[in-house]
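Residue numbers start from 1 in every chain, and the chains themselves are labelled A, B, ... in the order their sequence lines are given, proteins ahead of strands.
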Amino acid sequence: MSEQSLLQIRNLSIDFPSRAGTVHAVADVSWSVGRGETLAILGESGSGKSVSASAVLDLVDTPPAVIANGEILYRGRDLLKATRGERRAINGRKISMIFQDPLAALNPVYPVGWQIAETLRVHGVDKATAHARVIDLLKKVGIDDPERRAKQYPHQFSGGQRQRIMIASAIALEPELLIADEPTSALDVTVQAQVLALLKELQAESGMGIVLITHDLAVVEKVADRVIVMQAGRVVEAGTATEIMNSPQHPYTRRLLDAMPGRHGFATELSASDGNVLLEVDKVSRIYGIEPGKIAEAGPKAIRAVDEASFTLRGGETLGIVGESGSGKSTLARMLLGLDHPTAGTIRFDGKDLNGMSAADTFKVRRRMQFVFQDPTASLNPRMTIEQIVSEPWAIHSDVLPKREWRAKAVDLLERVGLKADHIDRHPHQFSGGQRQRIAIARALALQPEVIVCDEAVSALDVSIQAQVIDLLKQLRSDLGLSYIFIAHDLALVRDFATDVIVMYRGQIVEQGHTQEVYSNPKHDYTKRLLIASMAHIPKAA
Amino acid sequence: MHSSTPASGITEMAPPLIVPVKSSGRGAARNALWLLWQDKSAFVSAILLALVLGAAIIGPWLLADQARAVNLMARNAAPFSLSKGWLFFLGADALGRSLLARIIVASQNTIVIAGSAVLLSMHVGGVLGLIAGYKEGWIGAILLRMADAIMSFPSMLLAVIVLFVFSPGIENVIFVLAVSRIPIFLRTVRAEVLEIKERMFVTAARAMGAKTERVLFRHIAPMVMPTVINLAALEVAFVMLVESGLSFLGIGIQPPEVTWGLMVADGRNYLGSAWWLSFWPGVAIMMVTIALNLLSNWLRLVTDPVERWRFQTVAGAK
Amino acid sequence: MGSFICKRSFQSLISLIVLVMLVFFLARLTGSPADLYLPQDASAAVRHDFNEQMGFNDPLYVQFVGFMVGLLHLDMGQSLQFSRPALDVVLQAFPTTLMLAAVTMPLVLLISIVTGSLAAYKPGGIFDRLASFISLLGAATPNFWVAIVGVLVFAVTLRLLPTSGTGTPLHWVLPVAVLTLRPTGVLVQVVRTSMMTALSAAYIKTARAKGVSSRAIVFVHALRNGLLPVITVASDQAAGIVNGAVIVETVFGFPGIGKLMIDSVLLRDFTVIQAAVLVTALAVFVINILVDITYALVDPRIRYN
Amino acid sequence: MKFWKSITVALATSIALPAGMAMAQGKTSVTIVLPAGPDRLDPCETPRSVIGRIIKQNVVETLAELDYEKRTVLPRLAESWEQTSPTEWIFKLKKGVKFHDGAPFDAKSVIYSVERTVDPKLTCITRTKYFDGTNVTATEVDANTVKFTTKTPVPILPTLLAQMAISSPNTPKGEYTNKPIGTGPYKFDRWTQGENVVLVRDDTYWGAKPMIDKATYVWRSESSVAAAMVETGEADLAFTIAPQDATNKKTDKVYPNSDSAMFRLSVDVPPLNDVRVRKAINLAIDRKAFLGSIISDKAEIAMQQVGPSVLGFNPNLKPWKFDPEQAKALLKQAKADGVDVDREIRMIGRPGMFANSNEFVEATAEMLRQVGLKIKLDNLEMSQWLQMANKPFAADRQPNIFLTMHDNNSGDAAFTAFFKYHTDGRQSELHDPELDALIVQAGTEQGDKRAATYQEVFRRIYEDKVADVPLFHMVNYMRVGKRLDFSPTIANAVELQLAKLALK
């Protein structure tokens, strides 16, 4: 194998020295990839999976990092011994890379065509040829009207299109190896499938090797030939994709597999309809560009973010709202949180219309309905300590708890969500993503609410962490009798958590019902598509 | 508008999470000192500023008489000579007064003027900028147009007019300098707020029912602070120089009050014959400026919990 | 774009009117010009006649209405000191100031962008430290100090440059150098900070993965992204110069608008003050609009919003 | 990118251009640096030095001309004159003189100039300063003879007429002109606002042909820059430079500028109403120490408000000694008599009144503090200073020590005594009927009697009243370039006759 391998990493170690001691981001890691082969590097945030791959393209900054040991052999030649210029000549031409978040990874101020052409131009292709090639490439990755769209800017494309553009740029010079760092994590499930299919197709055409870095087992299952599993900078398991998926050896791999959403039964332990109606959403619409109350004037150009959505939430219920980007689920969430107001329709909480309420009443309702947002990094103020963050609800609703009790109560809450008391003086960045989300949940619990709205609360987390957080939410549900509105783009996620499900598509609710009914008997086309895209990888065995 | 929040997807490349610096044995002050020690240039800056501050507080009390004692015999005495006593080590001015004593005594007015003018414009401009950024409607528009109007009013002219209408006392100089610098803070803060207010934690605070004041001052203001502090550090220099420029035009602080700016401006008449008259106060202005900026850079890192780790990494590969 | 300019122009017009009113009343608060234009031993009758002739005996509102009516006809009144139309006086001085700004600002931008970017490329490196130090020195040096020392060194001692005045391009070297100093010092800091942010963005990694050279990464990829805050600060600096480089004009005998304005206040030449503020304010508004347009050119996300 | 390209090109061209500095004056042309530029160039404003030193006697001439050294009036455009009655004067004019525009110089043109100058539509300084209240009229006797009539006797009419420039009858009446047309040896060529004024020699001049054929006037307010310009050869003459810039004995020449500095005291406001306090102030100021340090060593200690070149100057007054001990003793005495010597006194200065005047007031304030007076120093800007200088004085004003500078370049004490010391004088703090009578009397006298009476006026003010604190008769430094052969005199306070410049 080593004979035909394109790229071979041997005993690579990368350290980050710090005052608190050296962190071994990558420790004695070896892997290789050959032509036409797809190697998946599986691991969670901080496992070092990206660092080793970034080192191939000289993207690891030294300092602060130190490449302590090892070799990176490209066609037998050690890249670590090559000059900067030699490595630049390989980057983009022989080995190229695509990244997780295509919006961030594309330069916002240059047209996408220019950016694709740049790859060609830096490696000596003349301008005219490059332009023609850009159009071909855009066509190839499935962008319509490439002549026109080449002149557009990244923000004018959807997430999936952007990743296609990234791919076009990466394959522009038909590299022998493509390193894809979480290429689909930021995309909707249906789009994920398309992008992965595109990569496979391109590989089949050109025979390039692919190194796929991912935390998502589903992705591994779909495209990988071989897999290495990394944990804390080390390779803990290696084998073919089938081997790993079906008979994982290392406990960590097993845990990962076990944490995959949708592997457990439906959330049937709770019967849905016994509670009283807490929240009633009645024909709520949000149309941008017109005045509230003048819905009749909405012309064809008006953007109907939410179109006549109706549903109810009862005490103890967990309502999953599923849909992809642009389906209107986030707008709906914003309206529930009072950050946006319906153009038409009413939202009633405990029988009272949220819209017609006095400021004081709205303020009171807020106490009973809390939320957890998608990105815990962003939703916690980085400059506040955990104590300040968890106590903030009491600071805002000043009559709930006297100030001297805040700290003790905050410690209680932290312990309740599985954190330690001595975490209280730290800042958010000192925690992992999962821990941060626990902090956000602790904050949501501070006012002892009845409803918690979770807006993509686990989407940004690694799979195993997702499972832990959902377990926590379940625990709290049974302990405190909470109701949830759980917004997600992945049907698999809500399957074993939500009692009821709403599927949204282009602003409308296309399907709604008890979870089990919707999953076993989807009626709307879109629901079916969504189910296929997100559930297909669930091993039959489960 | 044009936010360019760094992608969250590259967290893995960030330095690994580190145990917090804080340990119960070390007090907050000691901790701050320790962090200061980690940045040698900031440390030196802090010592220098402390010295200047000390001079500003006790200098006039200690040396007021020496700074005023006219001795026409020692007029423009050259520096680096101890024959007239240590006070004349930096030389003497056109009236034979000790430059060293005058620089020390002048530090009080200089710091009071520059400090209050910058603090004033920083606070007023900062708060208005917060409002202008957060409330984009007509309030924001009016604030911006007001800033435009002040900005397009030539600041020297404004200063001259105001100082003619009122007398060029210290308070009025401060007022004039502060007013003309408000737009800078307003615009800078506004631009930052436009970005920060879209962040999730602001949304979170609003969803919790936080009132506008709380969102602005508890959540947004601390985020803007580093930029404002850095700007303020540069503005201190600017204000000292404008103040000097006013003296150049003869409308700044009036003797017997003295500032570094006034000393530089007065000394310019002797640049050909006695360079030290305006050189030393000029050096004082430069040193304070550089020290403030180095310190503000340090402060920016140290007050940012996310950046504080930089002081914990081992420099280089020792 | 057209409607945007219209909207901005309208807003600017309002600011302009407010400004002009402000100047009118503020200027008159500084006292009467009669004493300045008459000999100290002039008799009361002479002084009365003077005020009568110049209209200073009229109530303030009458003077103001007269001023506004004149303004509509683009008549800013006669200058007291020059006995010529105030607007003529101002328009004669303004081109020099504009030229100063037009020569200085590109230079400032060029130096500070290159220096700031290179400093940001390796923060903490020797170049960065040196650039920071020198730029801060530049930002903290009194203008007139450099100006006079510049004359003494380059004109008197070295005889390389003329001391002052206008005429040949060489006459512009010292004034422009002096004028460049402070804005450059400030701008290097701004460029450095904003370039550091830009250089840590994800798309920089993409470019590196493509094999783009370091120079192109800094000056093509990062620079355009890091430019917005730079433009904001640079426009403030430009406005400062357009508003009159008083000190440089004074030292070098440059017949610009800054010195004219200060002299006019000293001589209570209200009409010239009014005309000068109006003209510079117009120029500053034009700069502001140009800045907004530049934003849109630099950042397509603004363009398409 | 194009933008950068064009900038680079522009820069490259400007550097590549030959070093064509302004040294390229022709052999017989000069460049003169003034401290300030003119605001207008009207012939009726020549008594103002910013205008006079450019055009007076160069472009426009006067009927008579002052000879400062001999304290007499010489004819210039007039051939001779005689006083035919107390209110009537006959002036004979030079024949064959032409204005630069070709108009003949004759009685009509003189009458026109007089009418234009005293026209109330213009606030010409010649009228407001010298002819206000005289009601002077000119009538033609014949083509070359003019009769001047005044309302009241004006014994010094020739002195006054030495201030009135005669300009071409084509100069518009009732409005200012910036294109002076006269009979002088130089024609006005052009004025570029903010930059320069250029005069060229008029080869048809009636008098002797001057050496210099072209003069360019520029202005720099920074003394060091003005001095540097002469040093580098960019200019030939810097009109005024600060004492500290006058470092080159070969080129830097001193001349009295007819300015006299003094502190006026508010003699009605306690404690300055006590003569002992006023004496103490005079004794406490070490005038000598300033000479050669802040003030030029060529300046003279003053005992009165007019200089030696003025008719009425009293040479017999003795300077005050510097005696702080005696000053303290006087203050102690006054205090014992219940005078509130501890009251805060405002010392009022004006930035740039003369070179280093800021330092001067600072140092003086310090000297007064040394003898125990409470001095608060205020530097006021021109307009505010004038408000304090002129009557009416504020009723509730603080006692003040007010720095003033008086220039009497007309050669006669009349312009000083009334204005500064008569009860009705606009800047007078005094109201002494005897002194008033004496001043009025002196004004009507002529010759030696006039001089003697004015001398008595100044003696009384100085010795009896101790009304103020005379300081110095000031001097200016002029830097004269190596090419020029010229020594300035007191006449150069208000004019600079190009014809008197000679090339080496």
Side-chain angles (χ1 to χ4, degrees), chain B residues 64-77 92-98 101-102 105-106 159-170 172-173 245-258 262-278, chain D residues 221-228 231 241-248 252 285-295 297 322 346-353 355-370 374-385 387-388 479:
Chain B
D65 291 340
Q66 286 89 328
R68 273 175 127 174
V70 171
N71 173 13
L72 291 173
M73 304 300 286
R75 169 184 158 78
N76 293 350
D93 73 357
L95 296 180
R97 297 172 294 198
S98 153
R102 280 177 73 70
V105 171
V160 174
I161 292 181
V162 172
L163 293 179
F164 279 2
V165 176
F166 311 99
S167 64
I170 290 185
N172 292 331
V173 170
L246 290 177
S247 294
F248 173 87
L249 296 173
I251 47 164
I253 293 297
Q254 298 297 329
E257 296 294 341
V258 58
L262 177 66
M263 290 178 72
V264 177
D266 280 352
R268 79 172 194 285
N269 291 328
Y270 301 92
L271 272 173
S273 45
W275 53 268
W276 49 93
L277 262 62
S278 68
Chain D
S221 49
E222 279 302 290
S223 153
S224 52
V225 176
E231 188 175 344
I241 58 174
Q244 62 268 17
D245 291 315
T247 48
N248 186 342
D252 302 337
I285 297 173
D286 187 359
R287 295 174 176 82
K288 259 192 195 139
F290 288 110
L291 296 181
S293 56
I294 299 177
I295 312 280
D297 54 358
F322 169 57
R346 265 182 102 184
M347 177 179 277
I348 295 166
R350 199 181 84 210
M353 186 181 273
N356 304 334
S357 68
N358 277 3
E359 281 101 333
F360 175 74
V361 283
E362 261 193 274
T364 324
E366 213 42 54
M367 289 172 178
L368 295 181
R369 285 189 195 110
Q370 292 298 321
K374 267 219 179 79
I375 304 292
K376 175 175 179 277
L377 183 58
D378 273 326
N379 275 305
L380 297 182
E381 162 269 340
M382 186 68 178
S383 172
Q384 294 164 330
W385 181 89
Q387 225 155 30
M388 295 278 304
R479 179 167 281 191

Heavy-atom cut-off 4.5 Å, strictly under: side chain, backbone, both or neither for [X] against chain B?
X         : result
Ala242(D) : neither
Arg350(D) : neither
Glu222(D) : side chain
Asn356(D) : side chain

**Q.** Lys376(D), NZ: over 12 other non-hydrogen atoms inside 6.0 angstrom
**A.** yes

Strictly distance-based, threshold 3.5 Å: is any side-chain N or O of Gln384(D) a donor or acceptor partner for the main-chain N or O of Phe164(B)? yes

Item checked: From CA spacing to verdict: salt bridge (charged side-chain N to carboxylate O under 4.0 Å, His left out), Glu366(D), Arg97(B) -> CA-CA 11 Å; Glu366(D) 213 42 54; Arg97(B) 297 172 294 198; over 6 Å; no

One should read off an interatomic distance between Leu95(B) CG and Phe290(D) CZ, to the nearest 0.5 angstrom, of 7.5 Å

Interatomic distance, CG@Leu377(D) vs CD@Glu257(B), rounded to 0.5 Å, equals 10.5 Å

Less than 4.0 angstrom from a charged side-chain N to a carboxylate O is my criterion; do Arg75(B) and Glu359(D) meet it? no

Nearest heavy-atom contact between Ile294(D) and Ala94(B) is CG1-O, 4.1 Å

What one should report as the nearest heavy-atom pair of Ala289(D) and Leu72(B) is O-CD1, 3.5 Å

#### Entry: Minimum side-chain heavy-atom gap Gln244(D)-Asn269(B) below 4.5 Å
yes

Sequence neighbours excluded, the answer for side chain to side chain donor-acceptor pair (under 3.5 Å) partners of Ser223(D) is Asp245(D)

